[in-house]
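The structure under discussion appears below in the form of structure tokens.
Bear in mind the structure is a predicted one, so any value in this text is a computation, not a measurement. The first residue in the sequence is number 1, and the count goes up from there.
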Amino acid sequence: MQETILFLLLLGALSVGHALHLIHLPATSNVAENSPPETSVHKFSVTLSASLSPVIPGFPLINSSPLTEAFRVNWLSDTDFEVVTTGKEQLDFETGPHIFDLQICVKDDVGVTDLQVLTVQVTDVNEPPEFQGNLATGLDLYIVEGAKPGFIYQVEAFDPEDTRQNIPLGYFLISPSKSFRMSANGTLFSTTEFDFEAGHSRYHLIVEVRDSQGLRASMELQVNIVNINDEIPRFTSPTHVYTIPEELGPGAIVANITAEDPDDKGFTSFLFYSITTVNSYFMINQLTGTIQVVRRIDRDAGELRQNPSISLEVLVKDRPSGGQENRKQITFIVEDINDNPSTCTKFTFSIMVPERAAKGTLLLDLSKFCFDDDSEAPNNQFNFTTPSGVGSGSRFLQDPAGSGTIVLIGDLDYENSSNLAAGNKYTVIIQVQDVAPPYYKNNIYIYILTSPENEFPLVFDSPPYVFAVSELSPSRTRVGRMQATDKDFPQRGIVYSISTGGASQHYPNIFWINPQTGELQLVTKADYETTPFFILRIQATNGEDSSSVTVTVNIIEENDEKPICTPNSYFLAIPVDLKIGTNIYNFKLTCTDLDSSPRSFRYSIGSGNINSHFTFSPNAGSNVTSLILATRFDYASGLDKIWNYKLLVYITDDNLLSDRKRAAALVETGTVTLSISVIPHPTTTVTTTPRPRITYRILRKNVYSPSAWYVPFVITLGSMLLLGLLVSLIVLLAKAIHRHCPCKTGKHKKPLVKKETIQMNTVFDGEAADPVTGAIYEFNTKTGARKWKDPLTQMPKWKESSPQGAAPRRPVTGEGAGPLRSTHKEGDGLRDKAQAKNTVPWSRNQDSKPSTPKNRNSALTGGGSPKPHPEK
């Protein structure tokens, strides 16, 4: 360990005494401008340190000022190096830096470095002159022939040394020529006029430039003589008139105009042709002079039909613009050819001929519809061929032949069997053709249709019609069918309708007829009792004729009416001890049936007749029956428990039918509802059983769904519309009131209003004693209204409310509606207030049951003995 430390100390002492350093630097060296690559600039060496550590690769390094890549360091050995040029940048004394400071850095393995500066000076070298720009590679000059001698071009060259010292360069023409000369300053002159046609079209010159030290450079000049245009072109095609046929297609060549230019003799001439005359038929190729058709030439249309010649002026020029030109007139004669076939304004004719048309009738003249557009004969002449067609030869003829006149020669009766077999339609085919080649033809089709005439009337098959239908038949029931026919052909569609009849009490018409088939149907049920039969007037029409027929529809009577009884519903109040067999308040049912005998009624009581207390007498065979108490009420023993009876009475109209027929016959049943309240004996105690009460609690929760956004929108929009409508109605109402109210006078007198009060009294036709207080109260057997009787007139005992045999009187409208003020003497002892307190008004609901007002005594509504009056 100690030996290692001593060795390191020794090396450190040696390195301090002998450090790495550069030899022959710093120094100054010169290098000529434009030196080639690898030119030696300066050589130097490196003295290694005491440790003999070599220079690491990549060193020595060069850092130049100004920055350049013109120098680099080459290794000659491990300690010898040389600075040379790289050739990457040209060292130019005139345009670049003259001095470069190169910092050379060296470094060995142990990291010891040294840095020195090498100053490189660029020296100037004399260079030969140089031609600038295009002159360096040669130049072409152009001189117009006939130009006067004089200045042509100024040649310029550049020499860095002489130009900087303002020493002029010398210019020389190496290839002498009689036609050119050059001055010492480089100006080229012509010495003669040039003639292109004489053969002198190009000259080759060599120009040389020299500097003050004899260095020289040369370049080539090519002088071209430009030919000028001094002669007019001459036409070489002699033809002036051309004959061409019509209908030449676009692109067809009809003429070829040629010309030449003396200036271009012996060479390919570039002449430009054009047509100066405005026309729409021809064009000329501006380079070749070929005239072509650009559009269809029709000899038979437009101006060519009157004048078939077209004149043109052709212009030839030796330049697109300017230059020399010449003109020539040519004419085209257009010949007519048979290019248009004979044609017609239409080739299909449809003729309608009446079936009773006479023979020899002219049907069609084709010559009025056909023509030929060719302009000259015989190209514009035509005729017609013999007509043809199945079945047409015996009915139609062209007379005279070839004229196109078609006449009728046969019978066209529409109802004829042969004509019907042909469908009363005939086709005639005829051709129109040219009389000149190539004999164009066109087919003409003539369709002849026979027009039917009204020869026969429209009649019904078996008038008059009588039908029968049950009054129970539902709607759309088939009643019968009418049929009308017409012997004329073709058979037209017949439309049926009801012109008169068929009205009932509730409908404008209970029948409907199918307009196509004539089938008569019911729209609704018929009613025999209202209308036992209908007489209809049926009309049939086919567009030409019309006919009508009488139809009688008998309604078959059926048992379809229910018995109707008076009254339909009724309320009765009877005492609990009413005798058996008593006609309850002389109550009677009077029944009617529109389709049944009075002896056909049977009476029965359905639900509600508990313990069969009630019956009707007679119970069958009469339309009038009475309500009878059949059995006594027994509340004491508990046999009877209810005090209010609701009887459903059935009235059936099958009393006259046997049991066998009754099962198959149609039976109708009417109903009557009777409400009977039993008034208890004053000593009777009514027990009531409270009914359990069930309380239902309904919870509702409104949940808004974002998807139902339209609900509040629709509600808001509807509310706004409703509000607007209400405001508009209020405005209209205010305007109407303002318009109709009388205008106020100056004194503003109020109009006199006459008031009239009508008071109505409730008739109380029954009396009863309160079982608790013994007080007498009166009641109305119809409405159930009650009131306390005047104490002065009270009776000690309860009496029947009405004498036997007296029918209860119906209450006047408004009775029992409330305590009304009385104008009669019977109410003199009672005040309005007392009467209002003592009166217990009852009213009926929709089921004819008495409804209880709020101040009705609960004991009375419950069916038991009435409780004492609160005032008592």
Side-chain angles (χ1 to χ4, degrees), residues 565-591 601-651 671-684 686 763-771 776-786 795-811 842 844 848-850 860 863-866:
C565 299
T566 305
N568 186 40
S569 61
Y570 207 74
F571 173 78
L572 297 170
I574 62 175
V576 70
D577 56 354
L578 188 64
K579 295 179 181 181
I580 297 175
T582 302
N583 180 201
I584 300 175
Y585 284 106
N586 290 331
F587 178 79
K588 298 181 184 299
L589 282 180
T590 303
C591 301
F601 298 122
R602 283 192 308 111
Y603 304 92
S604 61
I605 301 176
S607 61
N609 190 12
I610 301 174
N611 295 331
S612 302
H613 288 299
F614 307 98
T615 186
F616 281 94
S617 178
N619 62 358
S622 176
N623 68 324
V624 179
T625 184
S626 300
L627 179 63
I628 304 299
L629 181 65
T631 61
R632 293 178 58 86
F633 297 103
D634 187 2
Y635 291 97
S637 64
L639 179 62
D640 292 320
K641 295 182 179 181
I642 65 173
W643 296 85
N644 295 310
Y645 293 86
K646 184 175 182 181
L647 305 182
L648 185 61
V649 182
Y650 296 100
I651 303 92
T671 59
V672 173
T673 303
L674 297 180
S675 299
I676 301 176
S677 178
V678 180
I679 300 175
H681 197 273
T683 60
T684 304
V686 178
V763 177
F764 299 93
D765 53 0
E767 293 182 359
D770 184 38
I776 304 301
Y777 61 87
E778 297 177 342
F779 63 91
N780 186 289
T781 59
K782 305 299 182 183
T783 64
R786 302 181 183 187
M795 300 298 292
K797 293 183 179 180
W798 177 86
K799 295 181 180 181
E800 292 184 2
S801 60
S802 61
Q804 295 292 334
R809 188 175 67 86
R810 291 182 177 273
W842 286 17
R844 292 180 178 270
S848 300
K849 294 181 181 181
L860 296 178
S865 300

Does [X] reach the side chain of [Y], with side-chain heavy atoms less than 4.5 Å apart?
| X | Y | result |
| --- | --- | --- |
| I584 | L578 | yes |
| V672 | I651 | yes |
| T566 | L589 | no |
| I679 | I574 | no |
| V649 | T673 | no |
| T582 | I580 | no |

Quiz item: Run the side-chain hydrogen bond (donor to acceptor under 3.5 Å, both in side chains) check on N611 and D640 step by step: do they pass?
Solution: CA-CA 8 Å; N611 295 331; D640 292 320; 2.4 Å; yes

Quiz item: Atom OG in S569, atom CG in L647: separation rounded to 0.5 Å?
Solution: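 It is 12.5 Å, given to the nearest 0.5 Å.
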
Self-check item: Rounded distance (nearest 0.5 Å) linking atom OG of S677 with atom CD1 of I642
Solution: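 With rounding to 0.5 Å, OG (S677) is 10.5 Å from CD1 (I642).
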
Practice problem: Determine, stepwise, if the pair C591 / Y603 fulfils side chain to side chain contact (heavy atoms under 4.5 Å, CB included). | Solution: CA-CA 10 Å; C591 301; Y603 304 92; 3.8 Å; yes

Nearest atoms (heavy-atom pairs only) where [X] meets [Y]:
| X | Y | answer |
| --- | --- | --- |
| T625 | P618 | OG1-O, 2.7 Å |
| H613 | T631 | ND1-OG1, 2.7 Å |
| S622 | F601 | O-CB, 3.6 Å |
| A630 | T615 | CB-CG2, 3.9 Å |
| N780 | D765 | CA-OD1, 3.5 Å |
| I676 | L627 | CD1-CD2, 3.9 Å |

Quiz item: Considering residues at least two apart in sequence or located in another chain, which fulfil the side-chain contact (heavy atoms from CB on, under 4.5 Å) criterion with S637?
Solution: D634, L639

Exercise. Please report the C-alpha distance between I605 and F616 in whole Å, then the side-chain angles of each, then the deciding distance to 0.1 Å, and finally whether the side chain to side chain contact (heavy atoms under 4.5 Å, CB included) criterion is met.
Key: CA-CA 8 Å; I605 301 176; F616 281 94; 3.8 Å; yes

Quiz item: salt bridge (charged side-chain N to carboxylate O under 4.0 Å, His left out): which pairs involve residues 606-623, sequence neighbours left out?
Solution: none

Quiz item: So, F614 versus Y645, ring centres under 6.0 angstrom or not?
Solution: yes

Exercise. Could you tell me whether Y635 and W643 have their ring centroids closer than 6.0 angstrom?
Key: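 Ring centres of W643 and Y635 closer than 6.0 Å.
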
Exercise. Please step through side chain to side chain contact (heavy atoms under 4.5 Å, CB included) for the pair K641 and I610, ending with a clear verdict.
Key: CA-CA 10 Å; K641 295 182 179 181; I610 301 174; over 6 Å; no

Quiz item: For K646 and S675, does a side-chain donor sit closer than 3.5 Å to a side-chain acceptor?
Solution: no

